Amino acid sequence: MWSYFARRVAIGIPTLWAIITVCFFMMRLTPGGPFDGEAPVPPEILANLRARFHLDDPLWRQYLDYLANLLRGDFGPSFKYRDFNVTTLIAQGFPVSLQNGFSALVIAIMIGVPLGIFAALGQNTRRDYTVSAFAMTGIVIPNFIMGHVLILIFGVWLKDSVFHLPAGGWADGALANRVLPVFCLSLPYIAYLVRITRGSMIEAMRANYIRTARAKGLPFRLVVLRHALKSALIPVVTFLGPATAFLLTGSMVVETIFQIPGIGRYFVQGALNRDYTLVMGVTILSAALVIAMNLIVDLLYSLLDPRVRYEGKQ
Amino acid sequence: MSASVLDLKNLSVRFATPEGEVAAVSELSLSVGKGECLGIVGESGSGKSQTFLAAMGLLARNGRAVGEAIFGGINLAAADENTLNRLRGNKLAMIFQDPMTSLTPHMKVGHQLTEVLVRHRNLKFPAARDRAIAMLRRVQISEPERRFEMYPHELSGGLRQRVMIAMALMCGPELIIADEPTTALDVTVQAQILDLIRRAKEELGTAVILITHDLGVVAGMADRVGVMYAGRIVELGEVHQIFNAPQHPYTKGLLACTPRLDDATASALVTIPGQPPDLQQLPTGCAYHPRCGNVMERCRAAAPPLMSTGGGGLKACFLENFGSVQAGTVVP
């Protein structure tokens, strides 16, 4: 089994290389460049800038240089944030996004999964409809609306009460500043988890072996927790793999609304600014996370279902 | 039979469907004696499984049982889950048709056995483990210590059904309901599984209800046989009476349909014409009358009640003189 995972890690490297390559050339194919602003830059200055960042080298040369720098762990300088290199920007922003994303993930799992089970076990009863309606609401309300609604309620209307929360800002990670963005991040994930868990739990409870477990006289709680839950969690884990990668790399929308210094905003700002190296940096980071999460998901499958066995080729 | 283990009295099973309520079992009454093996025979959809799933309290969500199923003085059809859970797996056990899907895939076989003892006998795991391994040995599973640690997918279908039987026997039940226990198995394995059930019955004095569509299975195992059609018992009697002198045209038809190797005169396959009825649109009168070769005017008007055959059995048929009953149609 471990040789299988060693192989998977090895396959991850060419995957990452392919993503880097595609991303590199797609960025260069995009019209415009990092130094195009509203006011045109004098040609002499532009030429100097391009020479300074080696943008006047042939493209293949730039590509090979970039790969070589990557191998040394150097993501290059940011074109936009002139005094920073990309490694520094990510090192500053990623821990913030990581903390928020991880908190949101834990909250989403702790609320979404039990709520989904609760709904499934009362299938087509009032409690099922109530939970499902809540989940649907969480899915259809976009977070740029939910974020502003939360600010309106907790930042404005409840300003003079004990429930008052800051409308934005990070304040070095003060707890009060985290509540609203983390809640806003987790809400759609709670909703998705409710729906997925509910569906898979209903499916699991129809299995023949659930009937066997009930025929043994096991209390309902044990039938659910010991016999049904593990197979019901397989689709949940499948969803959580990529969802975790997305959550941990931050959300442009939520970080913008709540003015949080994470890396979520770099995805969009970097692309708009043609900040080639910054876009590459955050793309590589999230691609590596997705690859890692898929690997973890596969590991979890084998824990949830003993029929899943990973054999390394001899 | 002196005392009965299970008494069904006017037991009906109804399912709520989008097209309305469907009766899978209609006012069925029968009793199973202590240590007796009662065979229940019928086609798919005759209600034979639903009758006893209702007695176990294991009907699907949209199903409900009306009437009585008395077991140890308790009406199972009206009992709450707590009462049922004290009996199920303890005094009342069930073996299911499909051993491939009836064991929890992510639990070791041993753990699935011991949890019965932990639940009903309050045993700690090491003691339960010893009892479970002894039980695996009893159902003739070789290397029981090793199998104990295995997952169901690592066992063959026959071994899994042995595990199911071991599970049912763990607490020494008074009644085992075996719902098509051999249908999903190879023929060679079928005989071994039936032999295990027979031995459990003889050694432990357990009553067995054997639900099957296979008359051959019933002939070798059952003391009495009930034949079901469209949710009702149409004939009930001692096994030799059912096989030697069937009193209902449907029973006779079923017997004629079974190919026999020892009968040189039966050269062709026999079938009962027509299809089993749609439970939502049962024919008037006797449900079997559209397929019956001896149909009379009164069969269309009213359903015959269960009446004595004179030989100790019961039949639901108006026919008096049974010698001329036509069994089925010979397929050329």
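So that the names make sense, note that chain A is the first sequence line, chain B the second, and so on, each numbered from 1. Since the structure is predicted, the reported quantities are computational estimates derived from the model, not experimental observations.
A donor atom on one side chain and an acceptor atom on the other are found under 3.5 Å apart for A/D128 and A/S132. For the residue pair B/H111 / B/E149, no side-chain donor-acceptor distance below 3.5 Å is found, with atom types taken as modelled. Remark: the B/T206 side chain and the B/E174 side chain contain no N/O donor-acceptor pair separated by less than 3.5 Å. For the residue pair B/D7 and B/S4, a side-chain donor N or O sits within less than 3.5 Å of a side-chain acceptor on the partner. With 3.5 Å as the limit, one finds no donor-acceptor pair spanning the side chains of A/R198 and A/Q123.
Contacts of B/L53 with chain A are made by side-chain atoms alone, with heavy-atom separations under 4.5 Å and no backbone atom involved. No part of B/M170 comes within reach of chain A, as not one of its non-hydrogen atoms sits under 4.5 angstrom from that chain. At a 4.5 Å heavy-atom cutoff, B/M100 makes no contact with chain A through either its backbone or its side chain. For A/L304, the part lying near chain B is the backbone, with the side chain staying farther off; criterion is any non-hydrogen pair under 4.5 Å. Residue B/R86: no heavy atom, backbone or side chain, is found under 4.5 Å from chain A. For B/L84, no part lies near chain A; criterion is any non-hydrogen pair under 4.5 Å. Both the backbone and the side chain of B/Q112 come within less than 4.5 Å of a heavy atom of chain A. Looking at A/R206, there are no atoms closer than 4.5 Å to chain B (heavy atoms on both sides), in backbone or side chain.
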Step by step, work out the side-chain hydrogen bond (donor to acceptor under 3.5 Å, both in side chains) result for B/H213 and B/E180. CA-CA 8 Å; B/H213 62 266; B/E180 306 254 10; 3.0 Å; yes

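If you tally non-hydrogen atom pairs under 4.5 Å between each of A/A207, A/A228, A/P219 and chain B, the highest count goes to A/P219. Your options are B/M167, B/M94, B/M56, and the one with the most heavy-atom pairs under 4.5 Å with chain A is B/M167. Of the listed residues (B/H120, B/M164, B/K108, B/E81), the greatest number of heavy-atom pairs within a distance under 4.5 Å of chain A belongs to B/H120. The candidate with the highest count of non-hydrogen atom pairs below 4.5 Å against chain A, out of B/E154, B/H153, B/Q97, is B/H153.
Open room surrounds OH on A/Y192; 12 or fewer heavy atoms of other groups in view lie less than 6.0 Å from it.
Using a 4.0 Å cut-off between charged side-chain N and carboxylate O, A/K230 and A/D305 make no salt bridge.
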